[in-house]
Chemist: 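My questions will all concern the structure given below.
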There are 2 protein chains.
Amino acid sequence: MNEALRNPKMRTAVKMRAGAAQKDVTEVEKKGRKASKETRRLQLIEATIDSLARRGYADTTLADVADGAGLSRGIVNFHFESKEKLLVATLQFMADEYANHWYSALEKAGERPADQLWALVAADFDRRICTKRKLAAWCAFWGEAKSRPTYQALCGARDVKYQEIVVSLCARLKEEGGYDYVVEPMALAVSTMLEGLWLRLMMGDGLTREKAHEAAVEAITAMFPRHIARTGPK
Amino acid sequence: MNEALRNPKMRTAVKMRAGAAQKDVTEVEKKGRKASKETRRLQLIEATIDSLARRGYADTTLADVADGAGLSRGIVNFHFESKEKLLVATLQFMADEYANHWYSALEKAGERPADQLWALVAADFDRRICTKRKLAAWCAFWGEAKSRPTYQALCGARDVKYQEIVVSLCARLKEEGGYDYVVEPMALAVSTMLEGLWLRLMMGDGLTREKAHEAAVEAITAMFPRHIARTGPK
DNA sequence: ACATACTTGCTGAATATTCATTCAAAATAT
DNA sequence: ATATTTTGAATGAATATTCAGCAAGTATGT
């Protein structure tokens, strides 16, 4: 496939298919031009995630991204200005997607803190979010985050707001259940456990999304024994 | 300091100091030559960890490593053959150090499973192991692990053996305390929580080693309520 | 004791490679 | 016709690797 895309003739075929998909979008929107531009950007971002997952941060080249998207070499510098900006846009994209996902899961959950916590956990191991491909891309960014402030800021995906919510859920659960843990450390343990499971999912061979979810449910059930999950892992 | 080391005269001074230290070793060992070679390798490995922590994997160059060690440009290819081999040796070094550390902590702990679990937890947040510098280096490797089998193998620092031990501890604790969790998921949750705390320590701003340890103790205490920590975090 | 050849560790300039970026020209859309 | 998007070859910067030679030590012979 990589080889095929290096051949201009083959690439044309790919482009035409992409063009057809784009036309459908165009018919819905008013400005086809702008839609096209946004489509290309998304296409390049997806190709970037692929490359990060396949080759890691250090070996992700613009050539590989362009090939993955079935476009030519100069294309990234036209749509994003530089490699750095492409990577930031990619991380931003993933961070937004992640945040929107858990936030809407939280809105759909009931009022009770236990339901909300289970909803957050389930959201983390949802099909759409928790793919090997995306986890690998996340981890590639984590590896560079400490030395790049821009990444560091965006990598707080489970960011301040998320942490505040987990803290408040732990506080409400404590009150409801009469537990006697200290709230902040407990909330930290819960959210880092989810992160740790992500990390393992990406590295470990045998671990599946379902098993990771099960582990989270098992641990949280033990931590909050008077709040049984109404919705376990599927 | 970096500037100073770029100056050959200054570098000579550094080398002479290193030479003096080496002489002491020579008096103890028989072959001073070989000791020197191993010393240099360790010196370069330490410089590599520094560079990884300071600049991340992608920006770690041989020039930076050589400068950090106060030696010349060609030095790495003389002692390790290639950049790749230097990085593998560095990861190997960290993995060995980590494994030795938790293993000896386990040996020093008592017979009771609870004591052993608390010892493992404390080992993870020990001063010698859990430094910002080393955590950053670990994370740099994690980011590349998925795309490089060699790293992937070594990055299972909390590897199969470690996981087996945690599983058996969870099983023994379950029996002792009459808990009713499922063992494997629980063990997975415990060990990934520790990993997740490491990840946060490296990225998070306000989090300290002590707070992370406290969170681990809080969560594990909640998970195994009939086994109170005899040794909490300092 | 001294000289000679030999070994080892190291240096730093030269080389080769990889890759982001640029840009003139072609293709495509409006 | 004009503007926009895309191409792909050319450019240049960064950097891993090579290697001829230097320096300091070590063994051997006289």
Side-chain angles (χ1 to χ4, degrees), chain A residues 5-12 14-16 18-20 22-23 25-27 29-41 43-44 47-48 51 55-88, chain B residues 5-12 14-16 18-20 22-23 26 30-44 47-48 51 55-88:
Chain A
L5 288 176
R6 193 153 294 156
N7 178 331
K9 297 287 169 52
M10 300 293 274
R11 198 155 60 208
T12 303
V14 172
K15 189 161 53 173
M16 282 169 69
Q22 170 192 334
K23 204 172 187 181
V25 176
T26 309
E27 290 172 4
E29 302 213 355
K30 295 189 175 180
K31 293 172 183 174
R33 198 84 59 73
K34 197 177 178 189
S36 163
K37 199 155 192 172
E38 197 50 32
T39 299
R40 266 280 162 327
R41 284 176 60 97
Q43 183 187 1
L44 289 169
T48 304
S51 183
R55 329 209 319 172
Y57 186 98
D59 285 354
T60 286
T61 66
L62 292 188
D64 192 54
V65 170
D67 286 355
L71 297 168
S72 71
R73 295 307 159 90
I75 196 71
V76 166
N77 287 282
F78 179 76
H79 284 285
F80 296 84
E81 221 168 314
S82 68
K83 185 185 184 183
E84 180 62 20
K85 286 185 181 166
L86 168 69
L87 290 167
V88 170
Chain B
L5 289 177
R6 194 153 294 158
N7 179 332
K9 297 287 169 52
M10 301 293 274
R11 201 156 59 206
T12 303
V14 172
K15 190 161 49 173
M16 283 169 69
Q22 170 193 334
K23 204 173 188 180
T26 307
K30 297 192 175 179
K31 293 172 184 175
R33 204 78 65 71
K34 195 180 178 189
S36 164
K37 198 155 191 171
E38 197 49 32
T39 300
R40 267 288 127 68
R41 282 176 61 95
L42 286 179
Q43 183 186 0
L44 288 169
T48 305
S51 184
R55 331 209 317 171
Y57 186 98
D59 284 354
T60 286
T61 66
L62 293 188
D64 192 53
V65 170
D67 287 354
L71 296 168
S72 70
R73 293 305 159 92
I75 195 68
V76 166
N77 287 282
F78 180 76
H79 284 285
F80 298 83
E81 221 169 310
S82 67
K83 184 184 183 183
E84 179 62 19
K85 286 185 180 165
L86 167 69
L87 290 167
V88 170

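In what follows, chains carry the letters A, B, and so on, assigned in the order in which the sequence lines appear, proteins first and then strands, with residues in each chain numbered from 1.
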Chemist: In whole angstrom, what separates A:Lys85's NZ from C:dT21's C1'?
Modeler: 13 Å
Chemist: Rounded to the nearest angstrom, tell me the gap between atom NZ in A:Lys37 and atom C1' in C:dT28.
Modeler: 15 Å
Chemist: Walk me through whether B:Arg73 and B:Asp67 qualify under side-chain contact (heavy atoms from CB on, under 4.5 Å).
Modeler: CA-CA 8 Å; B:Arg73 293 305 159 92; B:Asp67 287 354; 3.4 Å; yes
Chemist: In whole angstrom, what separates A:Arg40's CZ from D:dT5's C1'?
Modeler: 9 Å
Chemist: A:Ser51: which residues meet the side-chain hydrogen bond (donor to acceptor under 3.5 Å, both in side chains) condition with it, sequence neighbours left out?
Modeler: A:Thr60, A:Asp64
Chemist: D:dT4 C1' sits how many Å from A:Ile75 CD1, rounded?
Modeler: 11 Å
Chemist: For each nucleotide in nucleotides 14-19 of chain D, reading 5' to 3', give B when a protein heavy atom comes within less than 4.0 Å of its base, S when such contact involves only the sugar-phosphate, and - otherwise.
Modeler: -SSBB-
Chemist: Taking CG from A:Leu71 and P from C:dT28, how many angstroms apart are they, rounded to a whole number?
Modeler: 13 Å
Chemist: Check the pair B:Arg55, B:Thr61 against side-chain contact (heavy atoms from CB on, under 4.5 Å), reporting the backbone distance first and the verdict last.
Modeler: CA-CA 9 Å; B:Arg55 331 209 317 171; B:Thr61 66; 3.8 Å; yes
Chemist: State the NE2-CZ distance between A:His79 and A:Arg40, to the nearest 0.5 angstrom.
Modeler: 6.0 Å
Chemist: Going through the checks in order, is the side-chain contact (heavy atoms from CB on, under 4.5 Å) test met by A:Leu71 and A:Gln43?
Modeler: CA-CA 10 Å; A:Leu71 297 168; A:Gln43 183 187 1; 4.1 Å; yes
Chemist: I want to check something: taking the side chain as every heavy atom from C-beta on, are B:Tyr57 and B:Leu87 in contact at a cut-off of under 4.5 Å?
Modeler: yes
